[in-house]
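Proteins come first, then strands; the chains are lettered A, B, ... in the order of their sequence lines, and each starts at number 1.
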Amino acid sequence: MESVIINALQQGLIFAFMALGVLLTFRLLGFPDLTVEGTFPLGAAVTARAIVEGVEPLLAVLLGALAGGAAGAVTGIIHTRLKVNNILAGILTASAIYTVMLRTMGRPNTPLLAYDNVYGQILGWFKLAENNYNVILVLLVFAVATRLLLGWFLNTDLGLAVRATGSNERMISALGVNTDNAKLLALVIGNFLVGLSGAMACQAQGFADIGMGIGVLVAAIASVIAGETIFGGNRLGRLLTSVILGSIMYRGLLALGLRLGLPAEDFKMMTAILVLLVLCLPSLELRKRLGGVIPGLRKDKKTMHPALPARPGFASPTADQTCGATPSRREMEE
Amino acid sequence: MIKLSGIEKYFFAGTPNQVLALDNINLQIQRGDFLTVIGSNGAGKSTLLKAVAGVISVDAGSIKIDGLDVTAHPEYMRARDIGRIDQDPMASTAADLSIEENLAIAYLRGQKRGLARAVTSQRTGYFRDTLRNIGLGLEDRLKVPVGTLSGGQRQALALVMATIARPKLLLLDEHTAALDPKAARQVMEITERLVQQYKLTTLMITHNMEQALRFGNRLIMMHRGRVILDISAEEKGKLTVAALVDRFTSTSGTVFDDDRALLA
């Protein structure tokens, strides 16, 4: 049981960075950013290469995160400047990232066990042993710092403009915000966090692999939904914290499943079905029927979207404007 | 002063369905003017407003605000000078954000946004005073998400947001049309009060002829992309709805076809 808890905390905190990034783009910006499937292993690949080249682990991790941010910028530019559909823009970037990763590492997999890692480096400063508990401590400090920074940013004038872009693009444009720039900024920050997540993951598991991004997006969405449904409130700070808790809970369930002998090869399917179920719950009105039985599913529990329950998979209709020769509906109305 | 010269706008240009939505519009709006705009369906009223706001680009002509040519500026660049409210109560406020966050965004209309805290106690004090002014009790609900407000409350908040930074021009596109009669009256009262208090130059589209005659100091009527009537304050004071419909029929040569305008 102890190993399950350790695993949940370690993996959960590592993927919490990704969940926060996904929360920012999918949920707050309403931008279904598929870049992240590529950004996660890219963060790991860049970090691995840097470590092999002799760069200090902490700096290597930062480079991995920055590479993630750059990938977000590419998607943002493809979408806002070249007017490509948001989903396609993400897919294009994610696909191109494969080449970048192979070129960066020179091969599909880089083992890192022979090198110092970021946890050992940081713990070494404080003369602490590198064991599971102390690794979790390092991750916890990183996660809390990220949570506080993100919370601060989203409450600044600029951060509010980003959130308003996700909530009502027409309005914020009429108030003088260049929504293209707001989207670009959110994509850079979101993918920076996903890159950071990948970097921290490769440092913990001791290798970087170009395949490590498969399915991470669905897992992150599951964490966001689980966190918001169970721990969320209608305040932004609460939402950010709930996503971190959701990530820990999701990884805990996976670890528990493994412990109970569920076959690991079924996990991706189970996660997909779980996410689908949670997304469908509001329209199936199961919440109402289960409301009395499971307190966590009570309908009166407030989420940030009173009218639109947590559905990170669906972008707001205004967020998606592609190029076209015909005038948009808005233009045609009288 | 707002000056529109020779504005033209085509829809479906170059196709057999080509429509001239704005046909050589020339309009000068003096500072402090309150124009009401009426016209039949498809007359080009909303298109005109969107062209002025920069939501759509024009095919010919120029738009000047206090002598500055803004014709080529996109919407977000004109936003500093122009406040706009749409018919749809969902369109002018952000549902997911609280009242104070919406106001904080509007407070910086058209300005550079940095990394300073958006909702400060200094700002909320000002927001509270401004909201008290419209008398709906919203000043005590600053932290409530806007999505939980009624349509009338949202349009009233949108009015505060549109005027809090004192734009040079306020554009209202049938902003009470989607509200129930009581809320519509309330929002119109607030509109009139704010326009007078801040001496705002205003362009208001309405489908309600009676409203068009009662508010403002100038009335223009549009038909098929043209301004066919331009009525000054003195003349407007003497007009009745019936007389206005008669003038429309004699000037345009067609029967006024908007039932809403007559029945409302």
Side-chain angles (χ1 to χ4, degrees), chain A residues 27-30 80 149 151-182 185 189 233-237 239 302-310 316-318 321 324-334, chain B residues 9 11-13 15 19 21 41-47 50 53-56 74-80 82-86 88 90-98 101-102 104-119 143-148 158 161-162 165 171:
Chain A
R27 182 81 163 79
L28 297 180
L29 188 66
T80 60
L149 265 174
W152 163 78
F153 169 72
L154 289 171
N155 279 313
T156 63
D157 286 319
L158 194 59
L160 214 51
V162 168
R163 285 162 62 199
T165 302
S167 177
N168 190 341
E169 195 173 341
R170 277 164 74 186
M171 174 203 84
I172 193 68
S173 180
L175 288 172
V177 170
N178 183 344
T179 53
D180 283 350
N181 288 349
L185 181 64
I189 297 173
N234 59 0
R235 300 294 296 269
L236 180 77
L239 181 68
K302 277 190 184 157
T303 55
M304 291 260 298
H305 278 284
L308 185 84
S316 64
T318 50
Q321 283 173 348
T326 52
S328 69
R329 221 181 84 79
R330 260 170 76 204
E331 263 187 273
M332 282 166 60
E333 282 170 4
E334 212 187 338
Chain B
K9 173 69 186 177
F11 284 136
F12 311 109
T15 74
V19 180
N41 290 331
K45 307 180 297 277
S46 289
T47 308
K50 284 175 186 161
V55 180
I56 57 174
E75 182 187 15
Y76 74 88
M77 283 173 72
R78 297 186 204 181
R80 181 167 201 145
I82 300 178
R84 183 165 64 93
I85 303 182
D86 208 83
D88 178 5
M90 308 293 146
S92 309
T93 46
D96 305 323
L97 306 184
S98 66
E101 287 170 334
N102 270 279
I105 292 167
Y107 186 70
L108 286 189
R109 163 186 297 283
Q111 292 184 45
K112 221 173 158 53
R113 289 161 206 267
L115 294 174
R117 201 172 173 75
V119 180
K143 296 203 183 300
V144 169
V146 168
T148 62
M161 288 171 63
L171 300 175

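- Proximity to chain A is limited to the backbone of Ile82(B), based on heavy atoms less than 4.5 angstrom apart.
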Side chain to side chain contact (heavy atoms under 4.5 Å, CB included) assessment of Ile172(A) paired with Ile105(B):
CA-CA 8 Å; Ile172(A) 193 68; Ile105(B) 292 167; 3.2 Å; yes
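- The candidate from Ala91(B), Ser98(B), Gly110(B) with the greatest count of non-hydrogen atom pairs under 4.5 Å with chain A is Ala91(B).
- Looking at Arg109(B), the atoms closer than 4.5 Å to chain A (heavy atoms on both sides) sit in the backbone and in the side chain alike.
- Ala79(B) approaches Ala174(A) most closely through the heavy-atom pair CB-O, 3.2 Å.
- One finds the CE atom of Met161(B) at 4.5 Å from the CE atom of Met171(A) (value rounded to the nearest 0.5 Å).
- Leu160(A) and Ala118(B) make their closest contact through CD2-CB, 3.5 Å (heavy atoms, listed as atom of the first residue, atom of the second, distance).
- Ion pairing between Asp157(A) and Lys112(B) fails under the 4.0 Å rule for side-chain N and carboxylate O.
- Distance check, rounded to the nearest 0.5 Å: CZ of Arg84(B) to OG of Ser173(A) gives 8.0 Å.
- Shortest non-hydrogen contact noted between Asn178(A) and Tyr76(B) is ND2-OH, 3.1 Å.
- To the nearest 0.5 Å, atoms OG1 (Thr179(A)) and CD (Glu75(B)) are separated by 8.5 Å.
- For the pair Asn168(A) (side chain) and Ala95(B) (backbone), a donor-acceptor distance under 3.5 Å is absent.
- At a 4.5 Å heavy-atom cutoff, Ala53(B) makes no contact with chain A through either its backbone or its side chain.
- Between the CZ atom in Arg117(B) and the CG atom in Asn155(A) there is a gap of 5.0 Å [rounded to 0.5 Å].
- The heavy-atom pair separating Trp152(A) from Leu115(B) by the smallest distance is CZ2-O, 3.6 Å.
- When Val146(B), Asp96(B), Asn102(B) are each tested for a side chain to side chain contact (heavy atoms under 4.5 Å, CB included) with Ser167(A), only one passes: Asp96(B).
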